[in-house]
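Quick notes on the structure that follows.
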Amino acid sequence: MDSANRNPGPPAPDAAAADSTLSLAIVGSGGSGVMTTGAMLLDAAARAGRYGLLTRSVGPQIRGGEAVAMVRLGAAPLACNGDTCDILLALDWQNAERFAAELALGPHSLVIAEESAGDMPPALQAPGARIVKVPLQKTAKAIKGRPNMVALGLAAAMAGLPQAAVTGAVARVLGGKGAATLAASEAAVAAGYGEASRLGAPAATAHSDERPRWIITGNEAAGLGAVRAGVRFAAAYPITPATEIMEWLADALPKVGGALVQAEDELASINMTIGAAYGGTPSMTATSGPGLALMVESIGLAITSEIPLLVVDVMRSGPSTGIPTKSEQSDLNIAIHGVHGDAPHLVLAPLSVADCLFTTQWAAHLAERLQAPAIVLSDQYLGQTRMVIDRPAEGGPAARRVLASATDGSRYARYALTPSGVSPMSVPGMASRQYTADGLEHSQHGTPSSKAEDHLAQLEKRRNKLAGYDYGDAWAEIDGDGDLAVVTWGSTAGPVREAVARARRRGLSVRVIALRLLSPLSPSRLAAALDGARGVLVVEQNHSGQFHRLLRAHAALPADTVALHRPGPIPFRPGEIVSALERWM
Amino acid sequence: MTATLTAIEAAPLPVPVRAPADYKTDVKPIWCPGCGDYSVLMSMAMALAELGRPPEEIVVVSGIGCSSRIPAYVNTYGFHGVHGRALPVATGIKLSRPELTVIAAGGDGDGYSIGGNHFLHSCRRNVDIAYLVMDNRVYGMTKGQPSPTTEPEWDSDLAPGGTGLRPFNPLAIALAAGANFIARAFSGDPAGTARIVAEAIRAPGFSFVEILSPCVTFRPDEREWRKLVRPAPVTETSDPGRAARRLMTDDGFNLGILYRGDRRAYQPRSAPVADAERALERAFEL
Ligand SMILES: Cc1ncc(C[n+]2csc(CCOP(=O)(O)OP(=O)(O)O)c2C)c(N)n1
Ligand code: SF4
């Protein structure tokens, strides 16, 4: 197996640790600083040796509307939000009811609310949940601090984090704002700890685990994966929730000798990317569903002219403008089948925030190796969730293409029929190796051809180079060998893993097959992975079961197969998947 | 540095003399006999021979249309993409490989209709590309439909009795959008066209050349263009105000370089730093 195609190892959550997590949400209206508070809380937790994640949800206002920061902390790497919210901290209640479904308060929940904020909106109330009021504003005023920093101290104390970790996090974020701001913030945090002691906060514990940690979002990880592979050109048009990839690359690429161009639209960004890749530079674009829809004609061009290319689609709820800020796995169909004609190409999906790095890097590698476009299906959840992860292994697959050799006097056949289907590619500057890259069907030499034999030969070449390649074991992450199989792809792998860990503790013998490579799918590998499974649960986040249909086209599923698919905007929770597994318990 | 070394470095390298034929392939064009695009191909080869760059250091990019078939007929690197997208492809090539000579070529439908947005933004972005539009005021490849430069009364199956729409003025639009070099040529004057094309390639930034190139099959009336064209009665200007007045009152048949600006060509900023990848990764550490 080519070492580039080796599985980086599953970032599977520790099964036991997943049970002892704490889900904490901070809600507030515009300007109250809930997002900063959430980010500092996560940072502090990481400093205290914890793992965790931060997701956010905002109202429709462009700026300054209500927001909720949802932080989940645990002793081992996490992969998704919890089933319910353990602690809700409200700086105020303005429009907070819109987050009712996402917050998922339960009978065990503790609600800590600013005393002057009035009553909790009825839509949020959960029977049994305990509500306490705290004077965040008054406390902050007394020490000339900000209420959200008092809330930070309160939240950190409730999570059992040592105060020193919070001080470190505050210093990192506010260090540049001057000593006075810093001192005021620290005083506010201390006041928060004081409030918490009245509420019966647990004793602080720091984990001595010294493994080096990163805090990263999936969008940043995707950008880094591309740069690590060797991508040096990007062109893109802004779109939620993919913009952060471009913003990260806009800073990073010039530093590594590359460049990012903001294009006039996605038709331009994909074609600029194709142009740069044709010129020999590993290149990419990033977008979301509406942009991908505009790109598909040109992706077909890259397929036919055999130009390596990386397209990251950070999926959001569709169709059309859909729900721009919310996750969904509903671009699978367009990614695989969107291009007209018989158009084989690569489609991959990262299985976690951390895996956005490897999968994007691997996709760039495969695109160059196989001279074909690779579409990476990330999604809003992966892209925008901020996650504490173990420092990723260094290195990884590189984007390198098979280049034509210097002239030996022979006529260059750009699309020569080779055993692997990959033909050495020349790039401008190579003497006597000129050719015209063409979206028209062509002969081996690249000259336009409408002959039946040329069409068939080139179709088979383009199919076989992808279908015949050995993708190693990176095509999927397979965990366990139980007689029940949960088959999933992309970001739903997170909640699936956690659900399966719980189900196993209830005695169920379950394996997880999480697909990273969605096209081409290998029926024989799928069959081997499914071998011996008497029941199958297929999990994905879209309305029509796009992956389930794809799977059925490539694999024989047992009669006892259940498809669990539902659309966004609410992310999958492990409990939903455990419920679906209960029929086998 | 010693005097001898300086002398050696200053000595001109032997430039291989290249002929137009060195820039042509032996692929037979699909064009109708008499199509203006044959002459444009010849002018392009003449211009490239005059400039003398090795063919492998040149890329000719196009979209879709009769005129867009041109890359296959020149012996440079070529790119024949999808309809309307020649300019972004050319932009990607030039920005990532600034040392190459990049030429985009195509028709009026390709460049002004389906690719219209890229035309505007390429003028504005001002990347060092020469863009040659073979304007025949018709969609040739799809067999005779009106384009953005077609006269309002021109009758066709798709627009019986004419579109009734005013043709747009690509040169004035290019000027307003920021193109740095604007010229008009006529395929019936291959030597003049070659001179303008060579000048467009030499000029920094985005150089736009509108080449009147008759479609003898669907616009036989365009054979009359020969009688209408004339050298522009004024010399080239670098004053956009004067150029704007000229282009807005122009009847579409004045040939020559009509505007030459002094905008710097766009190159994205790139500032490589030592050990950049490590520094980028360190930002994610606690
Ligand atoms: C997306 C798309 N739409 C439509 C077409 C059909 N089409 C091919 S060439 C062309 C017009 C070409 O006209 P022009 O650019 O003026 O070039 P000419 O053939 O006149 O040289 C059209 C509409 C296409 N190839 N792709
Ligand atoms: S249809 Fe017109 S533009 Fe096309 S090749 Fe024939 S004459 Fe030229």
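Source: prediction; values computed, not measured.
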Among the options [options], pick out the one with the most heavy-atom pairs lying under 4.5 Å from chain B.
options	result
A:Asp265, A:Ile274, A:Val261, A:Asp43	A:Asp265
A:Gly223, A:Ala221, A:Ala437, A:Ala302	A:Ala437
A:Asp438, A:Val256, A:Ile215, A:Leu253	A:Asp438
A:Ala277, A:Gly439, A:Ala259, A:Gly257	A:Gly257
A:Leu267, A:Leu260, A:Ile270	A:Leu267
A:Thr436, A:Leu440, A:Val388, A:Val227	A:Thr436

- Query: How are the rings of B:Phe284 and A:Trp248 set relative to one another: parallel (under 30°), tilted (30 to 60°) or perpendicular (over 60°)?
  - Reply: parallel

Output yes when a side-chain donor or acceptor of [X] lies under 3.5 Å from a complementary backbone atom of [Y], and no otherwise.
X	Y	result
B:Arg97	A:Gly279	yes
B:Glu285	A:Trp214	no
B:Tyr77	A:Met430	yes

- Task: Pick out which of A:Lys255, A:Arg228, A:Arg391 makes a salt bridge (Lys or Arg N to Asp or Glu O under 4.0 Å) with B:Glu281.
- Result: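 Exactly one pass, corresponding to A:Arg228.
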
Heavy-atom pair of closest approach, residues [X] and [Y]:
X	Y	value
A:Ser298	B:Val82	OG-CG2, 3.8 Å
A:Gly275	B:Ile93	O-CG1, 3.1 Å
B:Leu100	A:Gly429	CD2-N, 4.5 Å

Does any backbone or side-chain atom of [X] lie under 4.5 Å from a heavy atom of chain A? Answer side chain, backbone, both or neither.
X	result
B:Pro88	both
B:Asn75	both
B:Arg282	neither
B:Arg124	neither
B:Val59	side chain

Using non-hydrogen atoms and a 4.5 Å limit, figure out which bit of [X] sits close to chain B: side chain, backbone, both or neither.
X	answer
A:Pro392	neither
A:Thr273	neither
A:Ile307	side chain

- Note on the structure: Looking only at B:Pro54, B:Pro55, B:Ala271, most heavy-atom pairs under 4.5 Å shared with chain A are made by B:Ala271

- Message: What verdict does the salt bridge (charged side-chain N to carboxylate O under 4.0 Å, His left out) test give for A:Glu264 and B:Arg125, after you've listed the backbone C-alpha separation in whole Å, the side-chain angles of each residue and the deciding distance to 0.1 Å?
- Response: CA-CA 10 Å; A:Glu264 54 270 32; B:Arg125 199 175 279 116; 2.6 Å; yes

- Message: Under a 4.0 Å threshold between the charged nitrogen and the carboxylate oxygen, would A:Arg232 count as salt-bridged to B:Glu277?
- Response: yes

